[in-house]
Each structure stands twice: as C-alpha cells, then as structure tokens.
Amino acid sequence: MTLIRGSSLLGYCELVSDLGFDPTPLLARAHLRRDAIGGEDAVEHFIDYRSAVAALELGATTTGALDFGRQLASRQGVEILGPVGVAARTAPTVGAALTAVDQYMSVYSPALAVTIDPQL
C-alpha cells in the first residue's frame with residue numbers, strides 16, 4: 001500500500017459541501033475516515049494513495065465539477081506538504097526550494113515524484 005499525507009485532501013469536505021453535496025458518503029466509498037483528512041491532525045495521518053485518488057474522482061463525478069482538483073488546490077497552501085513545505089518555504093532561492101521538494105517529496109508520499117529539468 002502506498003501512502004500520502006491526509007493533509008493532501010485539506011478542504012475536501014468544505015469544497016464538496018460548497019458544491020451542494022455531502023462529503024461523508026463519498027469518503028466512505030473511498031474508504032477514508034473524515035478525521036484522517038483535512039484537519040490540523042491530518043498532518044499526522046497518512047492515508048492510502050488510491051483512496052485519496054478515489055475521493056478526488058468521486059468528488060469530481062458526483063458534483064459535476066470537471067475542475068474539482070483545481071478548485072481543491074486553490075483552497076490549499078504549501079502547509080499540506082508538512083516538512084517538505086517547510087523546506088521549500090524556507091529555502092533561500094526558488095531553485096533551492098525546487099531542489100528541496102525534489103529531494104524530500106518521498107516524505108510526503110512515495111507515490112509522487114518531482115523532476116526538475118533546467119533545460120526546459
């Protein structure tokens with residue numbers, strides 16, 4: 001099982017509610033507990049990566065919001081990354097921030113990878 005921080009879904013319940021739906025059954029279908037995502041304690045929780053993806057897909061299809069992921073991301077900040085976000089936020093340059101994210105992203109989730117190609 002691959003894990004991701006519960007904070008990855010910070011704002012999920014509020015977004016689903018704002019779009020006129022109840023997030024609880026969507027989370028249940030994705031095999032997620034509401035207390036494991038999106039709150040201050042979520043930084044300490046890890047959830048199944050596939051369940052997080054399922055919650056996002058269910059949110060998009062149920063609400064009809066084709067840009068559900070973008071809407072959720074617009075409600076989030078770098079704090080969802082936990083220590084990775086701290087490393088990026090305190091880096092002296094943008095390049096150093098990107099290097100920190102590249103180096104430590106596996107702390108946030110081993111399912112994610114960052115590639116930096118300075119030639120592009």
Exercise for review: Could you tell me whether the side chain of Y104 and the main chain of T99 form a donor-acceptor pair under 3.5 Å?
Suggested key: no

Review point. So do L58 and V16 actually touch side chain to side chain, heavy atoms under 4.5 Å?
Key: no

Check your understanding: Has R50 got more than 12 heavy atoms of other residues, nucleotides or ligands less than 6.0 Å from its CZ?
Key -> no

Review point. Side-chain heavy atoms under 4.5 angstrom apart, residues restricted to Ile, Leu, Val, Met, Phe, Trp, Tyr: same cluster for V86 and L98?
Key: no

Exercise for review: Starting at CG of L112, measure out to OG of S106 and round the result to the nearest 0.5 Å.
Suggested key: 10.0 Å

**Study point:** Straight-line distance of L15 CG to L72 CG, nearest 0.5 Å
**Key:** 6.0 Å

Point to revise | Side-chain heavy atoms of P83 within contact of R5, under 4.5 Å | key: yes

Review point. So do the side chains of I37 and S7 get within less than 4.5 Å of each other, counting heavy atoms only?
Key: no

Check your understanding: What's the shortest heavy-atom distance between L10 and E79, and which atoms?
Key -> CD2-OE2, 3.6 Å

Study note, to complete from the structure: Heavy atoms of D35 and R33 approach each other most closely as OD1-NE, 2.9 Å

Practice item. Given side-chain contact (heavy atoms from CB on, under 4.5 Å), test D48 with H31 step by step and report yes or no. Key: CA-CA 9 Å; D48 178 61; H31 308 288; over 6 Å; no

Exercise for review: Count the heavy atoms of every other residue, nucleotide or ligand shown that sit under 6.0 Å from CZ of R75, and state whether that count exceeds 12.
Suggested key: yes

Review point. Would L19 and Q71 satisfy side-chain contact (heavy atoms from CB on, under 4.5 Å), going step by step from the backbone distance to the final call?
Key: CA-CA 11 Å; L19 293 171; Q71 288 188 51; 4.1 Å; yes

Check your understanding: Under the 3.5 angstrom rule, does the side chain of D67 hit a backbone N or O of R70 as a donor-acceptor pair?
Key -> no

Exercise for review: For residues I4 and A52, report the shortest heavy-atom separation together with the two atoms involved.
Suggested key: CG2-CB, 4.1 Å

Practice item. Please indicate whether F21 has more than 12 foreign heavy atoms, meaning atoms of other residues, nucleotides or ligands, lying under 6.0 Å from its CZ. Key: yes

Check your understanding: Among the clusters formed by ILVMFWY side chains lying less than 4.5 Å apart, do M105 and V94 turn up in the same one?
Key -> yes

Review point. Is a side-chain donor or acceptor of T93 paired with a backbone partner of A96 at a separation under 3.5 angstrom?
Key: yes

Practice item. Give the minimum heavy-atom separation between I80 and S8, together with the two atoms involved. Key: CD1-CA, 4.4 Å

Practice item. List the atom of A36, the atom of H45, and the distance in Å for their closest heavy-atom pair. Key: O-CB, 3.7 Å

Check your understanding: Is there a donor-acceptor pair under 3.5 Å between the side chain of T2 and the backbone N or O of Y49?
Key -> no

Practice item. Could you pull out the closest heavy-atom pair between A55 and L9, with the gap in Å? Key: CB-CD1, 4.2 Å

